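Report on one structure; see the data block that follows.
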Number of protein chains: 2
Amino acid sequence: MTLQVTSARAAAMRKPKAPEANRARILAAAIAEFASRGYKGASMDAIAARTHTTRALINYYFGSKERLYLAVLERVYAEIRDAERGLELDHLPPAAAIRRIVDFTYDYYVGHEDFVRLVVAENQARGRHMKRFPSLRTLNRPIVDLLGRVIARGQADGDFRRDVDPIDVHMAIAALGMFNVTNQYTFGTLFQREMGGKGNVARRRQMVSDLVLTWLAESAGQPR
Amino acid sequence: MTLQVTSARAAAMRKPKAPEANRARILAAAIAEFASRGYKGASMDAIAARTHTTRALINYYFGSKERLYLAVLERVYAEIRDAERGLELDHLPPAAAIRRIVDFTYDYYVGHEDFVRLVVAENQARGRHMKRFPSLRTLNRPIVDLLGRVIARGQADGDFRRDVDPIDVHMAIAALGMFNVTNQYTFGTLFQREMGGKGNVARRRQMVSDLVLTWLAESAGQPR
DNA sequence: CCCGGAATTGACGGGCCTGTTAAATTCCCC
DNA sequence: GGGGAATTTAACAGGCCCGTCAATTCCGGG
């Protein structure tokens with residue numbers, strides 16, 4: 001099987017001008033363009049210009065603007081999912097594991113502003129595209145399972161409160177982490193706060209950990 | 001002076017067809033349209049259709065699409081600022097006052113989805129319009145002063161920790177409150193969670209209070 | 001009664017954008 | 001080396017949208 005795949009891929013690779021290379025470059029450019037200007041604001045011509053191709057070629061590969069956008073969504077979600085899978089928490093005490101999850105999530109948002117902006121754009125569109133695309137609906141997020149296991153361990157140790165829904169915790173972490181990226185402009189302008197500064201990032205990230213952990217520890221070990 | 005203003009305004013009111021009535025209806029329609037479709041997605045013709053006027057008339061009143069959008073932003077920010085001014089907290093114990101602030105903020109976002117969507121849209125545009133409009137830059141938000149006073153009282157009572165920045169607290173509250181509205185579509189789809197349900201709103205709102213209050217109480221009363 | 005100015009309309013011009021289609025180019029395989 | 005498929009290009013058509021401008025309606029005051 002490996003041989004078959006190899007030969008097939010080799011055949012596909014040596015032949016034409018630059019199909020998959022072009023495809024990959026177009027997708028990367030599309031991620032940047034859609035993240036920067038939103039679905040409607042993004043221009044197919046701009047994506048073509050970024051990749052030294054033409055609008056017709058992009059349609060030849062992806063079919064339409066919406067299809068291209070869906071490919072973008074699929075890609076960035078796959079990336080965060082893969083990154084989440086890389087987290088190794090089982091050897092950490094529950095509190096430290098929580099802190100690690102928060103740091104990872106917070107830093108991922110700060111470092112992947114494109115992803116955050118795409119998520120926000122899709123929500124502003126009321127999830128219209130996502131809804132109609134099955135492979136995006138069934139996309140699971142390992143972070144919730146990880147969180148669930150950590151929380152269960154903390155509860156078993158008597159360190160965490162008992163009535164905790166992992167999804168609620170993830171939502172709190174995601175909300176606090178995304179806000180810095182999503183609302184940095186209005187919030188920074190209104191409250192004279194620079195939100196991109198690295199020092200502030202570390203401080204706020206720790207505040208998120210503290211918020212979650214103090215809440216998790218609240219009235220822990222009470223009689224069940 | 002009052003007489004002058006009165007007579008001038010009376011003269012302005014009785015005269016023509018429906019200038020300020022039209023103006024108000026256009027602004028309301030613009031809020032809905034911009035909130036629903038974003039700046040670029042919004043159509044001047046759609047706003048005109050909603051108000052039984054024409055695109056030319058809207059430009060006659062507001063000058064351009066961008067000017068109209070700025071008037072929209074100014075309006076919705078003025079509204080939340082006025083609502084925040086109505087909060088009366090001085091007679092409440094600090095913890096109860098915090099809970100009240102959280103409830104107010106959370107409910108305001110849930111009940112004013114247009115406002116939230118406009119804020120998000122402006123952030124997606126990197127605050128481009130807001131930056132260039134002085135009256136939006138100098139807009140202050142009473143909620144931070146209220147929060148600061150409440151926190152100071154809680155610290156004086158020894159109930160709240162000492163190193164607290166009111167803006168940080170407001171950011172946490174705003175982040176958790178906005179997330180339900182802003183990310184309801186992707187989050188709901190990915191995690192099979194209905195986020196509009198009223199019961200869930202009350203539960204999540206209380207979680208926000210608990211998060212903030214347990215954090216505020218953490219290591220309070222320690223030696224200064 | 002008529003006039004002057006505010007309010008309102010219809011139409012034009014220019015720009016940008018997307019999807020398609022037919023033609024041209026390139027490269028692989030026989 | 002030639003057939004043929006895969007890739008790429010150039011140009012077209014249709015749609016939407018915005019700002020403007022001259023023309024028209026309407027109202028109130030002299």
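In this text the structure is predicted, and so the values were computed from the model without any measurement. Order of the sequence lines fixes the chain letters, A, B, ..., with proteins taken first and strands second; residue numbering starts at 1 for each chain.
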Output the single nucleotide from D:dG19, C:dG19, D:dT9 whose closest atom is nearest the side chain of B:K65. D:dG19
Any side-chain donor paired with an acceptor under 3.5 Å for B:S135 and B:E74? yes
B:Y60 has an atom OH; how far is it from atom P of C:dG10, in whole Å? 17 Å
Under 4.0 angstrom between A:Y61 side-chain N/O and D:dT8 OP1 or OP2: yes
I need the NE2-P distance between A:H52 and D:dA10, as an integer number of Å. 14 Å
Tell me, please, whether A:Y39 has A:K65 positioned over its six-membered ring: NZ or CZ under 6.0 Å from the ring centre and within 45 degrees of its axis? yes
Rounded to whole angstroms, how far apart are CG on B:L57 and C1' on D:dG19? 14 Å
Can a side chain N or O of A:S43 be found less than 4.0 Å away from OP1 or OP2 on C:dC17? yes
The side chain of A:N59 is closest to which nucleotide in this list: D:dT8, C:dT20, C:dT8? C:dT20
So does B:D165 pair up with A:R203, basic N to acidic O under 4.0 Å? no
Side chain to side chain contact (heavy atoms under 4.5 Å, CB included) assessment of B:T182 paired with A:F179: CA-CA 10 Å; B:T182 62; A:F179 192 85; over 6 Å; no
Sugar-phosphate, base or nothing in reach of B:A46, heavy atoms under 4.0 Å: nothing
Quick one: A:I47 CD1 to C:dC16 P, roughly how many Å, whole number? 17 Å
Just checking B:R193: does its CZ atom have more than 12 heavy atoms from other residues, nucleotides or ligands closer to it than 6.0 angstrom? yes
Minimum-distance nucleotide to B:M44 side chain [options: C:dT18, D:dC18, C:dA7]: D:dC18
Can we say B:D114 and B:R75 salt-bridge, meaning some charged N sits less than 4.0 Å from an Asp/Glu carboxylate O? no
What is the nucleic acid contact for A:A42, judged by heavy atoms within less than 4.0 Å: base, sugar-phosphate only, or nothing? sugar-phosphate
Is the phosphate of C:dT9 approached by B:T54 (side-chain N or O, under 4.0 Å from OP1 or OP2)? yes
Could you state the atom-to-atom distance from CD1 of A:I58 to P of D:dA10 in whole Å? 14 Å
Bend across the helix from C:dC1-D:dG30 to C:dC30-D:dG1, to 10°, with axes taken over 5 pairs at each end? 10°
Could you go step by step and tell me if A:F62 and A:Y69 meet the ring-ring contact (aromatic ring centres under 6.0 Å, His included) rule? CA-CA 9 Å; A:F62 293 91; A:Y69 176 74; over 10 Å; no
B:R67 CZ to D:dC18 P, straight-line distance once rounded to whole Å: 17 Å
Provide, to the nearest angstrom, the distance between the CD1 atom belonging to A:I26 and the C1' atom belonging to D:dT9. 14 Å
Side-chain contact check for B:D45: nearest option of D:dC17, D:dG19, D:dT8 is D:dC17
Nearest to side-chain heavy atoms of B:A56, which nucleotide of C:dG10, D:dT9, D:dT7: C:dG10
Look at B:K131 together with B:E122 and state whether they make a salt bridge at an N to O cut-off of under 4.0 Å. no
Whole angstroms only, please: what is the CZ-C1' distance between B:F62 and C:dA7? 14 Å
Residue whose nearest DNA chain C nucleotide is more 5′ - A:G63 or A:G41: A:G41
Side chain of B:R55 (C-beta onward), nearest among C:dG19, C:dC12, D:dT8: C:dC12
From the set D:dT8, C:dT8, D:dC18, return the single nucleotide nearest to any side-chain atom of B:N22. C:dT8
